[in-house]
Each structure stands twice: as C-alpha cells, then as structure tokens.
Amino acid sequence: MPEVSLQLPDLEEATAAEVVAWAVETFGQQVALACSFQKEESVLLEYLYRADPNGRAFALDTDLLFPETYDLLATVEARYSTTIERWRGPTLQEQAAEHGDELWKREPSLCCAIRKIGPLKQGLSGLDAWITGIRREQSPARATAKKVEWDEQFGLVKINPLADWDDKDVWREVHKLSLPYHPLHDQGFASIGCVPCTRPGEGREGRWAGTDKVECGLHQEAA
Ligand code: SF4
C-alpha cells in the first residue's frame, strides 16, 4: 500500500476512459478491475485493456454464478488474451457442513460475507486501488460515489469511472464498440449476481427480491 496520504485527484470532469487510463498509469499492476460481468464491466474491460493489455481484472466466483456468466468470462479471456483472476470462498460443501444447506435462503448476508466479501478481501490484498462499475443512479448507497475516492471499508483507493453514467450511456457504449455483454440482460435481468438471489427486474430490484437486502457488502460503504 502506498502512502495513504496520497493526494487523490478530482477526476469528476474526466471521461470514464480517461479515469481508467489514469488508474493504470498511476497504479500499474497494483490496480485491478472487479468484474461481475454486468454491462458496466463490458465497457470497463475494454477501456482497461486498451489502456494496458496486461491490465488486471478479477472475479468473485461464488460457485453460484449463472452458466452464462462463466461463458462470458471465457469469451472475455479469449477476446483480450488474458486471464481473469478468480477468488473463491470455501466450497459449497464446506459451507453446508458448517452452516447447513442453502444458507442464502436463511442468512443471505452471512452467505455474501462468506462467498463474496471474504474472497474480495483476498482479491484486494496487495492492491493499492480497485476499479468498480458502480454508478450513482443504481442505488441510494451508491449515490455519492466519486470517480476517485478512498475506500474506508477495504483500505485502498476506489475508482468508479462510470459513476456519472446512466443506463443508456452504458448501453450506447456497449453497442457502439460492439462489446460482448451478458445475455441475461436481454432476458429482463438488469443486474446479475448469483443464481439463487437473482430475478429479472429493473435496476437492482431483481437482486435478493422479496428481502430487505440491497447490497452484498462490496459497496455499501460507498455512500
Ligand atoms: S448473492 Fe446470494 S448466493 Fe450469492 S453470495 Fe450472496 S447470498 Fe450467497
């Protein structure tokens, strides 16, 4: 970790591609894109590898992702001749042995802590910064996200190049650049996570539908 006193620039007027390029230039191999294979990451992956063909991206593999997500991961790796780093928690069998079957039905926050937050901490360890696809319009918890900010929760710089983009901005870029994107977006899934916790829906309404849960804990401190 560099000096935490690092003066973070105000890049609010910079384009998303410029923010990604700044991130790569500033942090080199110490910055990585967190990739959940939403349409936002389709754009950011393109910007990342344009800025640095050896740029780093990682995925949190909960072992509960849609088959289409794993297919897209393979497509991305082939398109950019890269390997997406994968971080995993305990196996589903290990989780079941300790907490019982289908923990996501009974304690989704604990399940996310085990399958997402734990692996995220592994993925972020050793990094100075991470790049995310969060946008301010996605949820109240994300409404105050800056393009470059200090992440108090995980203790590194957090870079949100698409913070000021709306849904149409993302789709415009995906189509303009003919980028590969998650096929479930065309089946009514605006946001895509784990199979048991994802339903079709606008915005993030299809995530943990029918519960009070709105975030898995990766970004809830962004506000
Ligand atoms: S989204 Fe659901 S299945 Fe995935 S880690 Fe969270 S609670 Fe578990």
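The basis for the numbers below is simple: all heavy atoms, side chains too, and nothing from hydrogens, waters or symmetry mates. Remember, it's 1-based here, ligands and their atoms both numbered in the order they're listed. Just so you know, these numbers come straight off a predicted model, no measurement behind them.
Every atom of ligand 1 with a heavy atom of C197 under 4.0 Å away is listed here by number and element: 1 (S), 2 (Fe), 3 (S), 7 (S). Heavy-atom contacts of L64 reach the following atoms of ligand 1: 3 (S) (cutoff under 4.0 Å). Near W104, the atoms of ligand 1 lying under 4.0 angstrom from a non-hydrogen atom of the residue are 2 (Fe), 3 (S), 7 (S), 8 (Fe). Counting atoms of ligand 1 from 1 in the listed order, those under 4.0 Å from a heavy atom of R115 are 5 (S).
Looking at D167 and R135, a side-chain N of the basic residue comes within less than 4.0 Å of a carboxylate O on the acidic one, giving a salt bridge. Using a cutoff of 4.0 Å between basic side-chain nitrogens and carboxylate oxygens, D63 and R115 are scored as salt-bridged.
Rounding to the nearest 0.5 Å places CD1 of I192 at 8.5 Å from OG of S36.
Y181 and H175 have perpendicular rings, their planes meeting at more than 60° on a 0 to 90° scale where under 30° would count as parallel.
When non-hydrogen atoms are compared, ligand 1 lies under 4.0 Å from the backbone of C111 as well as from its side chain.
Residue side and main chain included, C194 places no N/O/S atom under 2.8 Å of atom 2 (Fe) of ligand 1.
Taking the ring pair (Phe, Tyr, Trp, His ring centres under 6.0 Å) definition, one finds that H185 meets it with W171, sequence neighbours left out.
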